[in-house]
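Taking it in order: structure first as structure tokens, then the write-up.
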Amino acid sequence: MTQSNWLIKNATLVSDGRQWQADLRVRNGRIERIDADLDRRADETVLDAAGRHLLPGMIDDQVHFREPGFPAKGDIASESAAAVAGGITSFMDMPNTNPPTLDATALADKYQRAAGRAFGNFGFYMGASNDNLEAIKAIDPTTTPGVKVFMGASTGNMLVDDPQVLAGVFAHAPTVIITHCEDTPIINANMAAARARHGDAIPVTEHPLIRSREACIKSTRLALELARRHDAHLHVLHISTAEELDLFQAGPMAGKRITAETCVHFLHFSADDYARLGTLIQCNPAIKDATDRAALLAAVADGRIDILATDHAPHTREEKAQPYPAAPSGLPLVQYALVSALEHVHAGQFSLPTLVERICHAPAQRFGVLDRGWLREGLFADLVLVDLDSPTTVRSQDVLGRCGWSPFEGETFAASVVATWVNGHRAWYQGQVDPVPAGQRLQFSGVRG
Ligand code: DOR
């Protein structure tokens, strides 16, 4: 039963910094009414959600769904199905595909591919390269959430290291600029030194020393400097060190031109986990120390981190089975991201309304997503119902993403995702993804922040 008129009764709603008990009516794909004690209408399906929490669907502004170019790792259909199973109702996909998204034609091709196949709502970033500045200047800011700049080389070889081009992007991009910050010369020098010490048998425990904290800090400082010089809107992705956090301002996101993000794996794992999980948790930037993790958790709480996302980056088991550093960097995360983040709510590290701010409200606001991101009358009915006390054990046979594995396998999280609605369509319920893909193209206001 996936019809689009719903009456969700007795849930604890979480939105706009508060939690309250109410009923919520979904009609024609939108939230029609939020009130106490709504009566069922004849054409509505009722779901009694007593004891459960209803949140706006998570808006994940950082995923790699691998289409076009890498169908063995995933595609828009497979990865968005995993996303809705995890409570993610909208996603924004990165440009390091094949071909990379470097002009309006490649961008339009992605939107065309997603139409009718995506289980969640979709937006696609433009990428920057050393030679597409004119294409960046010409972007219509209502067609993309932003321009992604790899200020450090990572999967896909999209490094922008020409200082003049970087300055041009920061001066002229008509959208938010989002950056991957790691200094490639520092990383290359660290890698050469590790090879000198270990030959071809570099242990994976060296990864956070090669992709070092100094590399992150130097590159993030440069991005901030460029943003200030050119008065740009900058959003720095996947912050991984304690030191970088102090470069950002605490407090609410409204009014900030420079914002920061971290990802669920940096809040969950630490360098202590390389011994157990090896290349399965190898990603760029690298997962750092337990002290960094503690600092990141505090920054999610106080707002130096504005947005929490996934950086879902699937690679096959076979690829990951290669020894370091040949194994590719990246973790598949969308399906268990929300339940892993709720673990920190359980532990008292931040509140549930704060989590909803970081995963729903802030990404909607930052990228000017129209009509999504809050539980408010009139907005699209992108919803996730969670049970905070019904555990989820992560098992490989339940993984829906194409690569079929999760770095969380064997772990039990306290919460579970009971149901997910996308545009009023129940996309996930009782362990099943509904076969009808109900995702729509995200609409962007073109106004940043
Ligand atoms: O670990 C990563 N994987 N970091 C990136 O920057 C890219 C991503 C990927 O596409 O695999």
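Atoms considered below: every heavy atom in the structure, side chains included; atoms not considered: hydrogens, waters and symmetry mates. Ligands are counted one by one from 1 in listed order, and the atoms in each one are counted from 1 as well.
For ligand 1, the atoms lying closer than 4.0 Å to a non-hydrogen atom of H315 are 11 (O). Ligand-side atoms of ligand 1 in range of H180: 6 (O), range being under 4.0 angstrom from any heavy atom. Each of the atoms 3 (N), 8 (C), 9 (C), 11 (O) of ligand 1 lies under 4.0 Å from some heavy atom of A313. Within the listing of ligand 1, atoms 6 (O) sit less than 4.0 angstrom from a heavy atom of F150.
Within the 4.0 Å heavy-atom criterion, the part of R66 lying near ligand 1 is the side chain and not the backbone. Looking at Q282 against ligand 1, nothing comes within 4.0 Å, counting heavy atoms. Contacts of L331 with ligand 1, taken as heavy-atom pairs under 4.0 Å, are absent altogether. Heavy atoms of M94 found under 4.0 angstrom from ligand 1: none, in either backbone or side chain.
Side-chain contact between S270 and D292 is absent, with no heavy-atom pair separated by less than 4.5 Å.
Aromatic ring centres of F70 and H315: separated by at least 6.0 Å. Between F408 and F413, the distance separating the two ring centers is shorter than 6.0 angstrom. The ring of Y324 has its center no closer than 6.0 angstrom to the ring center of H198. Ring centroids of F367 and F444 are separated by 6.0 Å or more, keeping the two rings apart.
Distance CG/D382 to CG/D371: 10.0 Å, rounded to 0.5 Å. The distance from atom CE of M151 to atom NZ of K218, rounded to the nearest 0.5 Å, is 10.5 Å.
Closest to atom 6 (O) of ligand 1 by heavy atom, among P328, S154, G156, is S154. The closest heavy-atom contact to atom 3 (N) of ligand 1, among the options S329, C283, C263, comes from S329.
In this structure, the protein non-hydrogen atom closest to atom 4 (N) of ligand 1 is N284 O, 2.9 Å.
Ligand 1 has an N or O atom lying under 3.5 Å from an N or O atom of T155, backbone or side chain.
Remark: D200 CG is loosely packed, at most 12 non-hydrogen atoms of other residues, nucleotides or ligands lying under 6.0 Å away.
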